[in-house]
Amino acid sequence: MGHLNLPPSKRNPRQWKLLDIVSAFFFALVLLFFLLVFTPLGDSLAASGRQALLLSTSDPKQRHRLVELLELGHHHQPIEACPADSVDHMPCEDPRRNSQLSREMNFYRERHCPLPDETPLCLIPPPLGYKIPVQWPESLHKIWHSNMPHNKIADRKGHQGWMKEEGPYFIFPGGGTMFPDGAASYIEKLGQYIPVTGGTLRTALDMGCGVASFGGSMLKEGILTLSFAPRDSHKAQIQFVLERGIPAFVLMLGTRRLPFPAFAFDLIHCSRCLIPFTSYNATYFVEVDRLLRPGGYLVISGPPVQWPKQDKEWTDLQAVARALCYELIAVDGNTAIWKKPDGDSCLPNQNEFGLELCDGSNDPSNAWYFKLKKCVTKTYSVNGEYAIGTIPKWPDRLTTAPSRALVMKNGIDLFEADTRRWARRVAYYKNTLNVKLGTPAIRNVMDMNAFFGGFAAALKSDPVWVMNVVPARKPLTLDVIYDRGLIGVYHDWCEPFSTYPRTYDLIHVAGIESLIKLPGSSKSRCTLVDLMVEIDRMLRPEGTVVIRDSPEVIEKVARIAHAVRWSATINDKEPESHGRENILVATKTFWQLTSSSS
C-alpha cells in the first residue's frame with residue numbers, strides 16, 4: 001500500500017506503463033472472447049473473414065490456391081456472395097474502371113476486362129425483392145419493377161412510349177423516340193419499301209436499340225433482331241430488353257469491329273442511334289457495309305436524315321452511300337432506306353472519303369478485338385451466293401447447308417451430320433432428362449460453343465431465341481449460323497460476357513473444357529472455376545445449365561457446381577451418341593443476400 005501513497009514524482013513511470021498495457025490487454029481479451037462466443041458478432045466476423053479470402057485480389061497466390069481447392073472439391077463451403085451494390089455488375093463494362101480511358105471514338109465505352117487475378121471470386125446476388133421473371137410472351141409487354149428498379153428511362157422516355165411504371169410492373173407500350181405512336185405502325189410503313197413479310201428477311205441488327213420496341217415488334221414478322229446498345233446514361237436499357245425476352249447484347253461501335261462475321265444481317269436498323277456514320281472517313285458506314293448482306297437493307301431514322309441544322313451530315317451520308325453504290329429506295333420524312341448492291345463492289349477509283357477496297361489479306365469475318373478497317377469489304381468473293389434473293393427464304397434456310405460451310409473440309413457433310421446429331425440430343429434432353437425446353441419457363445437461351453448452330457436449329461419449334469457463341473480461338477463458323485437465319489457473337493470464354501447478370505434461362509455448353517484450353521494443347525488459359533462463376537452471373541435464379549463433356553471433366557464440374565450453389569445431377573449420354581461423354585444438368589438455386597452479407 002506504501003507504493004500507492006508515493007508522491008507522483010517518486011513513482012516508477014516504466015512500471016506503471018507495463019502494468020497498464022498488461023491489464024488493458026487482459027481485459028480486451030476477455031471482452032473479445034465474450035463478444036465472439038455470446039453474440040452474433042462472432043458469426044459475422046467469421047463470414048467476413050471467409051469473404052475477405054474470396055474477394056482478395058491483392059494476393060494472386062491466395063486466389064490461385066482457393067481456385068485449386070474448389071476444383072479439387074476440398075473447399076466445402078459455397079463461394080460467398082458479392083456485395084449488395086454489385087447486383088448489376090458487368091466486369092468488362094465497369095464505368096468506374098472505363099471512365100479513366102480515352103474518349104476518342106468512344107474507346108472508353110467498349111469492352112475493357114480486368115485480369116482474372118483482379119476479379120473478385122464471388123457470386124453476384126439478385127437485388128432485394130427479386131422475383132422469378134414474368135414468362136414469355138407476357139414478358140414482351142411487362143416485367144417486374146423489383147427485378148431492375150431503375151426508373152430513369154421511364155421518367156425520361158415515358159412520354160415517347162418506351163416504358164412506364166404501373167403497379168408492380170414496368171410496362172412497354174411499344175413506342176420509341178422516332179415512333180412514339182408505336183413500332184407496329186412504323187414497321188408497317190417500312191413494309192411499303194422493303195419485304196418485311198414472307199421470309200425474305202430473317203436476321204436484323206438494331207443499333208442503339210433503347211428498350212427494343214423495334215426488335216420486339218419484328219418478332220411477329222418472323223424477323224430475328226439482335227438489339228445492341230452500350231452501357232450508358234440510360235441505365236440498364238439492355239437489361240430491360242433481355243428481361244422482356246428479346247435478343248440483345250451490350251455493345252459499342254467505337255474503335256473495333258463489332259463481333260459478328262461479314263455479310264451477317266439481312267437488315268440493319270438505326271432509329272436515332274446517333275452513330276456518326278461519315279466521321280473518321282466514313283469508317284462506321286464501312287463497318288455497317290461489312291455486316292450487311294449483299295442485297296440487304298439499311299434503314300436510318302432520325303438525325304441526320306432531313307434533320308434541322310444537319311444539312312452537311314445528311315449530304316455526306318448520301319454521298320458515302322452513293323460511293324458504295326447503295327440504292328436510295330426512299331426518304332420518308334426523317335427515315336431513309338437504302339439497298340446494298342447484290343453484286344460486285346463498284347467502288348470508284350476516286351471518292352471524297354478516300355475509300356478503297358480491302359486487299360486479299362483481309363479476312364472480313366475476323367472480328368474479335370479487331371481494329372476497324374478503313375477499307376471496304378469485297379463482295380465479289382461470295383459470287384452472289386449469300387445475297388438476299390439467292391439464299392433460301394426462312395424457314396428453309398435453317399436446314400439448307402450454306403456454301404460458307406465449305407471453308408471446312410467436308411463442310412457440307414459436317415453440317416448435315418451436326419444437324420441430325422443435335423436433333424437427337426435435344427429430343428433426349430426433353431424426353432429423358434426433363435429439361436424444360438419448349439415450356440414457358442425457358443425463353444432466353446445461350447449455346448456457349450455453337451459450331452454450326454445445330455443445337456439452336458433443333459429448337460426451331462420452341463418459343464425461345466438462342467445466342468449462339470462461337471469461341472474466338474476456334475474455327476470461325478459464325479457466318480454459317482447467320483446464313484441459317486440464326487444469330488450469335490464471337491467471344492473468348494476466358495473473359496466475362498457482355499451481358500447483365502440474370503439474363504438467360506438456360507445455358508448450354510458442349511465441351512466446356514475446350515473453352516479454357518489453348519488450341520491443340522492440354523494447357524489451360526484460365527480456370528474452370530472462373531468460367532462457372534461467370535455462367536452463374538449470366539443465369540437467372542432457378543435457371544438451367546446443361547454441360548456435356550468427358551466423365552472426368554463432368555466430375556470436376558459437379559464439384560464446382562456445389563460451390564456455386566447449383567443443384568446438379570450427372571446423366572448418361574444418349575444411347576445413339578458415340579464417344580465418352582456425361583451430361584450434367586443443374587439448376588441455379590434462388591438465394592438472396594442475408595443482412596450479415598450485405
Side-chain angles (χ1 to χ4, degrees), residues 84-90 93 95 124-187 206 208-220 225 227-250 271-274 301-302 440-441 443-444 465 499-505 537-538 540-543 590 592-593 598:
D85 62 359
S86 65
V87 294
D88 296 329
H89 182 55
M90 291 186 290
E93 287 84 11
I124 299 291
L128 186 66
Y130 181 86
K131 301 178 181 179
I132 299 302
V134 176
Q135 293 184 344
W136 181 266
E138 289 78 15
S139 62
L140 183 62
H141 307 292
K142 66 179 183 180
I143 64 172
W144 294 114
H145 175 274
S146 57
N147 284 9
M148 44 202 68
H150 310 307
N151 286 42
K152 191 171 185 178
I153 298 180
D155 294 341
R156 292 189 177 186
K157 301 289 186 177
H159 67 286
Q160 295 175 349
W162 284 40
M163 58 185 285
K164 61 182 179 179
E165 187 178 354
E166 189 173 281
Y169 300 104
F170 280 124
I171 64 169
F172 299 86
T177 303
M178 295 307 300
F179 37 88
D181 295 330
S185 58
Y186 171 78
I187 291 169
D206 189 15
C209 60
V211 293
S213 297
F214 178 80
S217 296
M218 291 291 271
L219 287 170
K220 66 181 180 182
T225 304
S227 302
F228 81 80
R231 181 169 189 158
D232 63 359
S233 59
H234 288 154
K235 186 175 177 67
Q237 55 183 319
I238 292 298
Q239 193 176 18
F240 286 120
V241 176
L242 288 160
E243 187 80 358
R244 298 180 67 192
I246 301 171
F249 189 59
V250 177
S271 173
R272 202 177 174 84
C273 65
L274 305 181
S301 292
R443 169 62 183 171
N444 299 354
W465 68 273
T499 194
Y500 281 88
R502 303 172 303 280
T503 50
Y504 286 91
D505 300 302
R537 187 186 70 88
M538 297 186 293
R540 289 171 170 172
E542 298 188 3
F590 186 179
Q592 293 189 316
L593 283 174
S598 60

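Going from atom CE of Met90 over to atom CD of Gln239 covers 8.0 Å, rounded to the nearest 0.5 Å. Once rounded to the nearest 0.5 Å, the distance linking CZ of Arg443 with CH2 of Trp465 reads 8.5 Å. Distance check, rounded to the nearest 0.5 Å: CZ of Phe172 to CG of Leu140 gives 9.5 Å. Atom CG of Leu274 sits about 5.5 Å away from atom CZ of Arg272, to the nearest 0.5 Å. To the nearest 0.5 Å, the span separating OG on Ser227 from CG on Leu242 amounts to 9.0 Å.
Nearest approach of Asn444 to Thr503, heavy atoms of both residues: ND2-O, 2.9 Å. Residues Pro127 and Gln592 approach most closely at O-NE2, 4.0 Å, considering heavy atoms. The minimum heavy-atom distance linking Met148 with Phe170 is given by the pair O-CE1, 3.4 Å. Of all heavy-atom pairs between Ile246 and Gly215, the closest is CG2-C, 4.3 Å. In this structure, Trp136 and Leu219 approach most closely via the heavy-atom pair CH2-CD1, 3.7 Å. Of all heavy-atom pairs between Ala183 and Ser213, the closest is CB-O, 3.5 Å.
Under the rule for a salt bridge (charged side-chain N to carboxylate O under 4.0 Å, His left out), the partners of Glu243 that lie at least two apart in sequence or sit in another chain are Arg540. Partners of Phe228 by ring-ring contact (aromatic ring centres under 6.0 Å, His included), not counting sequence neighbours: none found. In this view, Ser301 and Met178, Tyr186, Ser271, Val299, Thr335 satisfy the side-chain contact (heavy atoms from CB on, under 4.5 Å) rule, not counting sequence neighbours. Under the side-chain contact (heavy atoms from CB on, under 4.5 Å) criterion, Leu128 pairs with no residue at all, not counting sequence neighbours. With sequence neighbours excluded, the residues that form a salt bridge (charged side-chain N to carboxylate O under 4.0 Å, His left out) with Arg537 are Glu534. Taking Ser146 as the reference, Lys131, Trp144 meet the side-chain contact (heavy atoms from CB on, under 4.5 Å) condition, with sequence neighbours excluded.
Between Ile143 and Tyr169 there is no side-chain heavy-atom pair separated by less than 4.5 Å. Annotation: side chain of Thr499 is in contact with side chain of Tyr504 (closest heavy-atom distance under 4.5 Å). With contacts defined as side-chain heavy-atom distances shorter than 4.5 Å, the pair Phe214/Ile187 qualifies.
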message: Could you walk me through whether Asp206 and Met218 satisfy the side-chain contact (heavy atoms from CB on, under 4.5 Å) test, starting with their C-alpha distance in whole Å, then the side-chain angles of each, then the deciding distance to 0.1 Å, before giving a yes or no?
response: CA-CA 11 Å; Asp206 189 15; Met218 291 291 271; over 6 Å; no
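When atom types are taken as modelled, the side chain of Arg502 and the backbone of Pro125 share a donor-acceptor pair closer than 3.5 angstrom. Judged purely by atom type and a 3.5 angstrom limit, Arg244 uses its side chain to pair as donor or acceptor with the backbone of Val211.
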